[in-house]
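Worksheet: one structure, shown below.
Below, chain A is the first sequence line, B the second, and so on; all start at residue 1. This one's a predicted model, so the numbers in the text were calculated from it and none came from an experiment.
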Number of protein chains: 4
Amino acid sequence: MRVNPDSAPAGGGSGRSLTTDARRTQIVTATIETVAELGYARASFAQIAKRAKLSSVRLISYHFEDKGDLFQALVGTVQETARAFMQPRIEARPEPAAQLSAYIEANLEFLAEHPVEVRALVDVLANARREDGSPLVSSTDFDAPVALLVEHLRNGQLSGDFRPFDAEAMATAIRASIDAAANRLSAVDDFDARAYGRELVTLFSLATRNVEAK
Amino acid sequence: MRVNPDSAPAGGGSGRSLTTDARRTQIVTATIETVAELGYARASFAQIAKRAKLSSVRLISYHFEDKGDLFQALVGTVQETARAFMQPRIEARPEPAAQLSAYIEANLEFLAEHPVEVRALVDVLANARREDGSPLVSSTDFDAPVALLVEHLRNGQLSGDFRPFDAEAMATAIRASIDAAANRLSAVDDFDARAYGRELVTLFSLATRNVEAK
Amino acid sequence: MRVNPDSAPAGGGSGRSLTTDARRTQIVTATIETVAELGYARASFAQIAKRAKLSSVRLISYHFEDKGDLFQALVGTVQETARAFMQPRIEARPEPAAQLSAYIEANLEFLAEHPVEVRALVDVLANARREDGSPLVSSTDFDAPVALLVEHLRNGQLSGDFRPFDAEAMATAIRASIDAAANRLSAVDDFDARAYGRELVTLFSLATRNVEAK
Amino acid sequence: MRVNPDSAPAGGGSGRSLTTDARRTQIVTATIETVAELGYARASFAQIAKRAKLSSVRLISYHFEDKGDLFQALVGTVQETARAFMQPRIEARPEPAAQLSAYIEANLEFLAEHPVEVRALVDVLANARREDGSPLVSSTDFDAPVALLVEHLRNGQLSGDFRPFDAEAMATAIRASIDAAANRLSAVDDFDARAYGRELVTLFSLATRNVEAK
DNA sequence: TATGAATGAGCATTCATTCAT
DNA sequence: AATGAATGAATGCTCATTCAT
């Protein structure tokens, strides 16, 4: 759509200098704060520059090709942080049922520890769109966590740990229930993410377990 | 800050003429289409006027006090349509467990029949904010369906139909699972809302039922 | 510039019905209040209609040819009220020096009793302009009170009551000093218009009297 | 309600570049011309941009936070120019009576040399208001020249040079008489500001002097 | 690597006024 | 005598982005 005219490092690329990486991180961090506070729709370059104490909005355009590039970087950053946080917790529990519980708990724990990042991520995933109205973050990226969850649920069904159900529907409900916590955290003052996680664990254990099994 | 504009019919009130009501409906309908297509953030007066085939954006300002007024009208309209659709379906089933199933199914059925309205409603509820950043639709309005659901779940617990659980957490999960369908409908081409509804019915029946009972 | 298309009574004319006159008065009164409160620049038809509790701005357009016509009516109304109030007070004192004092005192007394009208009048006279930027109220209308004052001062000089001075300059200073009271009244909470009037009487008595005389 | 726009140089502050300062000056100058010609109410960004030959109205928003900021800059600029012009003239005459005469003459001389600036200043001071209707230029700023004059008059009374009178009332009359010249200059073609100044000097000398003194 | 300056398109909203009854 | 509905042209202002160092 647009070719970068500057000699800038904007394009995704790989060979980035240290200072550039630090700047990008700084800008993404400010973007996260801004989205969490004002919502995606009101998160303008001007607002972000203000929060990041940047001398000029130009610095954002310099380091990111366009707004889409910036928000994709945000999504990538938070998703990677989340993955790094959750993966060991989940992999520590090999059996399907335990792993599902670990998945839910890890998500809610991450939310409890990184509420700002999660709120920003959820908002961007739900609302960021291109000029033509299509979602900014490709449906596959968006569904990546759900797709993994679906696969995991199907494995549990094959092993007989989970009852037969539509794995996609179940995964959708699980992710939606988890993501809802981000909104509750904003709206309800004393919302306890971990307690909500424990309720979800029980809820989805009952909903998925195979009573006939073993 | 802002004073009443022209002596227009804008402010809500009761005594509105037929022509005015027709116009308001026409504009709200166009707004629903616009939000469903472009998202709340991109739903400008110009886009709405285009879809409503209005001669001037001024007609919107004439019939609605401001943007907030328009979106509140949208929310009110869709919520009322939804209520009229779902209430009889839910009240036809008095027992707690059956009523919960009816609640879920009615919601998904409504979504299947009014996908555009629901998508617009969910988007506006999630994203519409005032200038100061506060949600346009008051948190209580927003939570009204959840609050009713909570009460309903607690009644089921008292009657022994439902197991003990945190009713607020359960209600949050149920609503989130239902609302997620609106997004799936946009993202997935052949998404079957009714089938998803049946899965949710089973899911939440297992998750709520009291095995010790009766 | 513009011919009235409606069959309305808008054009100045003479043969106006009673209801029409009552309506015009009601609208002018509301305009006075609006200008006093918001200033000329912010006194829109919408604001005036709101204060006059008119059902539609259309009523204003119906009774007045355009905005200029309305504000000219305002000026005429207030000036006539002021003249009716002040003329007897001034004419009661035939000698030049006493008459000048009466002129000043009558003006300030009128201000004290009709602060809203005077503030509106001063604002409109100072700021109302046509589309091309020329003053709405013709310079001669505007200067009418000053012109009378000039003549009066010159008579006093001929009779030997006043010292020789530039009558126009003196008249300008007198009127400006009087009109300034309207602004002080808005800005200063406990401004005493009558006390200010007494100070002006002394001030301009000393400034105009002919010490060599008699 | 309103957050800082682009990370522009708009906010006042100190560290402004040369180019920016030149632009700001250019815009303020064009604003002065526009206000003098069309009046405050009609001095829109579009009109100002036209007179400043700017490529876009956006340049104004870029260099000034909002309209209020621009007009405050205008007031500051003209007041500073006026102060620099008048202060040495006034301070050159230490005795109260002479100083008052110098004050009046300096004001009228400044008007004669900078009629456009003064007309704009008087118009903005009288009419510029915030959204809520409060004066844009704080009452204290506005009254600053009057307050100084009051103090000066009181000193003259203590020293016995001036007769007893209400210093505030006298100061109000003096300033009003001076400011009226700006309007006369617009309305009357051959108005002679310096001659008017000399008349005011005589007028207020007679009105303030202490006949019993010395 | 960074930046100050500039820009045109778009935003919601207000304006006085006119059309049609 | 009154009025509900409509309207196009402005308003101040924000947007992401580009130019030129």
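- Across all strands shown, Ser44(D) has heavy atoms under 4.0 Å from sugar-phosphate atoms exclusively, and none from any base.
- Applying the 4.0 Å criterion to OP1 and OP2 of dA5(F), one finds that Thr20(B) has a side-chain N or O inside that range.
- A heavy-atom distance below 4.5 Å is not found between the side chains of Thr31(C) and Ile60(C).
- Ala30(D) and Thr34(D) get closest at one heavy-atom pair: O-OG1, 2.6 Å.
- Between Ile48(D) and Leu70(D) the shortest side-chain heavy-atom distance falls below 4.5 Å.
- Across all strands shown, dT21(F) forms a Watson-Crick or G-U wobble pair, both distances under 3.5 Å, with dA2(E).
- One interatomic measurement links the two molecules: CD1 of Ile60(D) to P of dT11(F), which rounds to 11 Å at whole-angstrom precision.
- Counting any heavy atom pair closer than 4.0 Å across all strands shown, Phe45(D) reaches sugar-phosphate atoms only and no base atom.
- Between Arg23(B) and Lys67(D), it is Arg23(B) whose nearest contact on DNA chain F lies nearer the 5' terminus.
- Nearest to the side-chain atoms of Ser61(C) among the listed nucleotides dA5(F), dT13(E), dT17(E) stands dT17(E).
- When the P atom of dT18(E) is taken as reference, atom OH of Tyr62(B) falls 16 Å away, rounded to whole Å.
- With a cut-off of 3.5 Å on both pairing distances, the Watson-Crick or G-U wobble partner of dT14(E) is dA9(F).
- Between Arg51(B) and Glu37(B) there is a salt bridge, with a side-chain nitrogen of the basic residue lying less than 4.0 Å from a carboxylate oxygen of the acidic one.
- Taking a pair to require two hydrogen-bonding distances under 3.5 Å in either a Watson-Crick or a G-U wobble arrangement, dG8(E) pairs with dC15(F).
- Between Val57(D) and Leu59(C), it is Leu59(C) whose nearest contact on DNA chain F lies nearer the 5' terminus.
- Rounded to a whole Å, the CZ atom of Arg42(C) is 12 Å from the C1' atom of dT11(F).
- Nearest nucleotide to the Asp66(A) side chain, out of dT3(F), dT3(E), dT17(F): dT17(F).
- Residues Tyr40(C) and Phe71(C) form a side-chain contact, since some pair of their non-hydrogen atoms from C-beta on lies under 4.5 Å apart.
- One finds a side-chain N or O of His63(B) lying less than 4.0 angstrom from the OP1 or OP2 phosphate oxygen of dA6(F).
- Proximity of Arg23(B) to Leu54(B): side-chain heavy atoms (C-beta onward) are separated by under 4.5 Å at one or more points.
- With dA16(F), dA20(E), dT11(F) as the candidates, the nucleotide lying closest to the side chain of Ala46(D) is dT11(F).
- Residue Phe64(B) contributes atom CZ, which lies 15 Å from atom C1' of dA6(F) at whole-angstrom precision.
- Taking atom CG on Leu54(B) and atom P on dA5(F), their separation rounds to 15 Å, with Å as the unit.
- Side-chain N/O atoms of Ser55(C) include one lying less than 4.0 angstrom from OP1 or OP2 on dT3(F).
- Atom-to-atom, OH of Tyr40(D) to C1' of dG12(F) comes out at 11 Å; the value is rounded to the nearest Å.
- The distance from atom CD of Glu65(C) to atom P of dA16(E) is 16 Å, rounded to the nearest whole Å.
- For the pair Ala43(C) and Ala43(B), both in contact range of DNA chain E, the more 5′-proximal nearest nucleotide belongs to Ala43(B).
- Protein atom CZ of Arg58(A) is 14 Å distant from nucleotide atom P of dT21(F), rounded to whole Å.
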